[in-house]
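Working notes, structure below.
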Amino acid sequence: MPGVVSGAQPKVVVRRTGDGRYTAETQEKRFERWDICEDLAQQLVSVAHKESAKRPAYTRDMTLERIRKAVANKGWISPEELEWLMRRVRTLLE
């Protein structure tokens with residue numbers, strides 16, 4: 001989905017990189033990031049099932065929080081992508 005910014009004057013939607021630079025995000029780049037996150041979500045469903053089997057006393061929320069922390073510590077994806085990822089994993093588990 002393209003970025004949306006309110007106001008009457010034309011705007012350019014950019015993304016701030018880790019080194020403080022700003023870059024325009026192309027549709028291809030957004031698809032690439034989505035594809036990475038979707039693949040990771042699919043993999044994390046298996047991880048969640050294994051974790052649940054190993055720790056039956058844990059609730060689903062506890063398991064997902066452990067997974068969230070592990071993925072966040074890896075630094076693979078942005079905080080916004082992590083939010084989307086965890087919603088997606090929850091949806092896939094239901």
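Given the structure is predicted, the values throughout are model-derived calculations rather than measurements.
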> Taking only residues two or more places apart in sequence or in another chain, which ones pass ring-ring contact (aromatic ring centres under 6.0 Å, His included) with Y22?
Replying inline: none
> For the residue pair E81 and S78, what are the closest heavy atoms and their distance?
Replying inline: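 Looking at all heavy atoms of both residues, the shortest contact is OE1-N, 2.9 Å.
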Ignoring hydrogens and angles, write down the donor-acceptor pairs under 3.5 Å from the side chains of residues 85-94, residues two or more places apart or on other chains.
unit_1: R88; atom_1: NE; unit_2: E38; atom_2: OE1; d: 2.9
unit_1: R88; atom_1: NE; unit_2: E38; atom_2: OE2; d: 3.4
unit_1: R88; atom_1: NH2; unit_2: E38; atom_2: OE2; d: 3.0
unit_1: R90; atom_1: NH1; unit_2: D61; atom_2: OD1; d: 3.0
unit_1: R90; atom_1: NH2; unit_2: D61; atom_2: OD1; d: 3.0
unit_1: T91; atom_1: OG1; unit_2: R87; atom_2: O; d: 3.0

> What residues form a side-chain hydrogen bond (donor to acceptor under 3.5 Å, both in side chains) with R55, not counting sequence neighbours?
Replying inline: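 With neighbours one apart ignored, the set is E51.
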> How would you list, by chain and number, every residue that makes a side-chain hydrogen bond (donor to acceptor under 3.5 Å, both in side chains) with S52, sequence neighbours excluded?
Replying inline: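 Checked S52 against side-chain hydrogen bond (donor to acceptor under 3.5 Å, both in side chains); zero matches.
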Just list the side-chain donor-acceptor pairs under 3.5 Å for residues 63-77, sequence neighbours left out, or say none.
unit_1: T63; atom_1: OG1; unit_2: T59; atom_2: O; d: 3.2
unit_1: R68; atom_1: NH1; unit_2: E83; atom_2: OE2; d: 3.0
unit_1: N73; atom_1: ND2; unit_2: K69; atom_2: O; d: 3.2

>> Under 4.5 Å side-chain heavy-atom separation, chaining through any Ile, Leu, Val, Met, Phe, Trp or Tyr, what else clusters with I36? Say none if it is isolated.
In response: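 None; I36 is a cluster of one.
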